[in-house]
Amino acid sequence: MTWYERGTDADAVTEELDEGGEPDARDLPGDAVESGVFGTRDGYYDALHQATVEGARRRVDEAVDTAERDVINAVRTLETVGDSLNELDERTRDWREETDRVPVEGVVEGRNALEETRDETRGFIEERTPELAPNLSNLADPVLAARLIALAGGLDELARMPSSTVQVLGAEDALFRHLRGDAPPPKHGVIYVHPYVRGTREDERGSAARAVAGKLTIAARVDRYAGDLRPQLADELDEKMERIQGRDDG
Amino acid sequence: MTVGWVDVDGERYPATDGEKVRDERVVDGLRLWHPRRSKASAALVKGVDIPLEDARVLYLGGGAGTTPSYFADAARAVYAVEFAPSPASRLVDVAGTRDRLFPVFADARKPSVYAGIVEGVDVLYQDVATRGQADVAVKNAPFVRDGGRVYVVVKARSEDVTAEPEEKYEEVADRMEDAYDVDRTVDLSPFYDDHAVVIARR
């Protein structure tokens, strides 16, 4: 079948995509005109354009929402699983030699299952986040990219944030302590795990965090509004960091 | 409509007549099609002929729609297939600015899905970054008219990180012989490292 045999609007295209058929090199506009559904080839193309754009818009929006929710859920799961693993390891460390008095075996089994879950979840994030946010994932690693998206509440929200907010995402407690007047402002939130922040000596770490946050913010905006991978963003960050890390003391 | 050329800073670049979609430069009223921003432009600059004028085109791996927008400036009809939601969303935005650019949100590995929407085409252009790039081209061969031209971008690293790029290009070209007559392979350096375009005919 063809889409125009089902109708001439977006629903016809969507239905046809769901049904499918046998690929061939038919002259669809010609056939459609001959069958009398459209008066001209241009008429056919105009209707197809409206139908494909509308139909794709609906499905793509749903898919973006789903993909984003999946990534956010996955990265939150990863954090919970990671915390549980650490806690279990700490708690059972002293038990290990005393298997006859405490139920260590089951705990170790559960722990290993958790570890497997963690690795699978990380694999999922590494696969899906670059599809959702290619530039952010290129500049940060996909897990950090996903954490930023989750903390912001979505890519759209992240893309709208000033970079000074991105810089302290995940350091909300420290930020509120500062706003109450009890502490200095936090230099960084979760972007601390970025090698360029963590790997910069302490007196320049604030500058490094600012530079990284600035570039990640631009990456999020390109991902949200353009969507194409721009490798030059990473080059620009590399150059900037070279200058910051190369500064002399004093 | 056709693909033109403009001179900028002593270099010649492809350019098309159409509405701007990104931050591309406009020179003499034409949209500059930069070979570092688009593999198709890199191929054109390297002397590959892509007969887009008045052509019906099946474009697999439409991405965020930047290159399809240039195609649509010159071609009669462009069917752009993309399956990753985020770029597909941008592709739909771009398609809204081009009357003859038709976005298809589907997996290019399953061409039966869009069989009732895509017509027989004169040009198949493919830039998908998944494994089995040659298989995708072969599966979509039924859409290509006899004598139609086929351009398959091969990214050496998405197949196997250890193999030499040339070996990979050859392997893809061999597999494409199942459905096409392969003409030649053109590597896209210095614009894209580890990328080549395999050129064939149905």
Side-chain angles (χ1 to χ4, degrees), chain A residues 1-6 12-32 41-42 44-46 48-68 128 130-134 155 223-232, chain B residues 21-23 36-38 56 58 63-67 72 76-77 79-106 110-122 129 139-146 148 192-193 202:
Chain A
M1 240 178 138
T2 64
W3 72 279
Y4 65 81
E5 290 167 285
R6 301 176 188 276
V13 164
T14 306
E15 228 174 85
E16 179 57 37
L17 286 169
D18 289 341
E19 288 293 321
E22 198 60 39
D24 58 28
R26 267 180 301 175
D27 177 22
L28 289 179
D31 294 351
R41 285 172 171 268
D42 272 341
Y44 171 86
Y45 280 139
D46 288 343
L48 179 62
H49 186 253
Q50 198 177 344
T52 50
V53 169
E54 253 181 57
R57 177 84 280 154
R58 268 186 248 154
R59 289 244 160 136
V60 167
D61 284 351
E62 284 168 20
V64 168
D65 285 349
T66 306
E68 190 171 281
R128 297 297 182 84
E131 291 174 4
L132 190 68
L155 181 59
D223 288 337
R224 172 64 186 82
Y225 299 110
D228 55 322
L229 177 64
R230 301 192 186 161
Q232 68 267 30
Chain B
V21 306
R22 302 267 184 257
D23 55 352
R36 287 194 191 278
R37 290 281 192 93
S38 162
R56 292 156 289 197
L58 175 55
T66 309
T67 302
R76 187 197 310 183
Y79 300 86
V81 179
E82 176 57 52
F83 198 41
S86 234
S89 177
R90 304 285 85 76
L91 170 65
V92 176
D93 293 341
V94 171
T97 70
R98 297 289 187 287
D99 285 350
R100 296 297 179 256
L101 177 52
F102 310 108
V104 180
F105 180 47
K110 295 172 185 155
S112 60
V113 169
Y114 43 85
I117 292 164
V118 173
E119 64 180 305
V121 297
D122 311 293
K139 280 185 190 168
N140 282 274
F143 291 113
V144 185
R145 291 163 180 272
D146 284 343
Y192 290 89
D193 292 335
R202 175 80 167 143

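Note that the structure is predicted; figures quoted are calculated from it, not measured. So you know, we letter chains A, B, ... as the sequences are listed, proteins then strands, and number each from 1.
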* Identify the heavy atoms of A/Val53 and B/Val92 that sit nearest to each other, and give their distance. => O-CG1, 3.7 Å
* Among A/Arg59, A/Glu22, A/Arg224, which has the most heavy-atom pairs under 4.5 Å with chain B? -> A/Arg224
* To do: Sort A/Tyr225 into side chain, backbone, both or neither according to what part of it lies under 4.5 angstrom from a heavy atom of chain B.
  => backbone
* Asked: Can you check side-chain contact (heavy atoms from CB on, under 4.5 Å) on B/Ile117 and A/Leu48, steps first, answer last?
  -> CA-CA 8 Å; B/Ile117 292 164; A/Leu48 179 62; 4.2 Å; yes
* To do: Check each atom of A/Glu62 against the heavy atoms of chain B and say whether the ones under 4.5 Å are side chain, backbone, both or neither.
  => neither
* Specify which of B/Phe143, B/Tyr79, B/Phe102, B/Tyr114 makes the most heavy-atom pairs with chain A at under 4.5 Å. => B/Phe102
* Residue part contacting chain A, namely of B/Leu101, when any heavy atom lies under 4.5 Å -> backbone
* Donor-acceptor contact below 3.5 Å, side chain A/His49 vs main chain B/Ala95 -> yes
* Over 12 non-hydrogen atoms of neighbours within 6.0 angstrom of CD in A/Gln50 -> no
* What residue, out of A/Leu229, A/Asp24, A/Asp27, A/Thr2, has the most heavy-atom pairs lying under 4.5 Å from chain B? -> A/Asp24
* Evaluate the side-chain proximity of B/Ser89 to A/Arg57: yes if any heavy-atom separation is below 4.5 Å, no if none is. => yes
* Structure fact -> Cut-off 4.5 Å, heavy atoms of chain A, and the answer for B/Asp23 is side chain
* To do: Pick whichever of B/Pro87, B/Ala84, B/Ala88 has the most heavy-atom pairs under 4.5 Å with chain A.
  => B/Ala88
* Donor-acceptor side-chain pairing of A/Tyr45 and B/Glu119 below 3.5 angstrom -> yes
* **Salt-bridge criterion met for A/Asp42 and B/Arg100 (N-O under 4.0 Å)** => yes
* **Heavy-atom pairs under 4.5 Å with chain A, option from B/Lys139, B/Arg98, B/Arg36 with the top count** => B/Arg98
* To do: Using a cut-off of under 4.5 Å on heavy-atom pairs, state which of B/Lys110, B/Arg76, B/Arg145 scores highest against chain A.
  => B/Arg145
* Asked: Sub-3.5 Å donor-acceptor pair from the side chain of A/Arg230 to the main-chain atoms of B/Arg37, do we have one?
  -> no
* Structure fact -> When the 4.5 angstrom heavy-atom criterion is applied to A/Arg41 and chain B, the contacting part is side chain
* Structure fact -> Cut-off 4.5 Å, heavy atoms of chain A, and the answer for B/Val113 is both
* Begin from the C-alpha positions of A/Val60 and B/Leu91 and carry the test side-chain contact (heavy atoms from CB on, under 4.5 Å) through to its verdict. => CA-CA 10 Å; A/Val60 167; B/Leu91 170 65; over 6 Å; no
* Asked: How would you list, by chain and number, every residue that makes a side chain to side chain donor-acceptor pair (under 3.5 Å) with A/Asp65, sequence neighbours excluded?
  -> none
* Structure fact -> Looking only at A/Ala67, A/Ala133, A/Ala63, the option with the highest number of non-hydrogen pairs under 4.5 Å against chain B is A/Ala63
* Side chain, backbone, both or neither: which part of B/Val104 has a non-hydrogen atom closer than 4.5 Å to chain A? -> side chain
* Of the non-hydrogen atoms in B/Ser86 and A/Glu131, which two are nearest, and what is the gap between them? -> CB-O, 3.2 Å
* Side chain, backbone, both or neither: which part of A/Asp18 has a heavy atom under 4.5 Å from chain B? -> neither
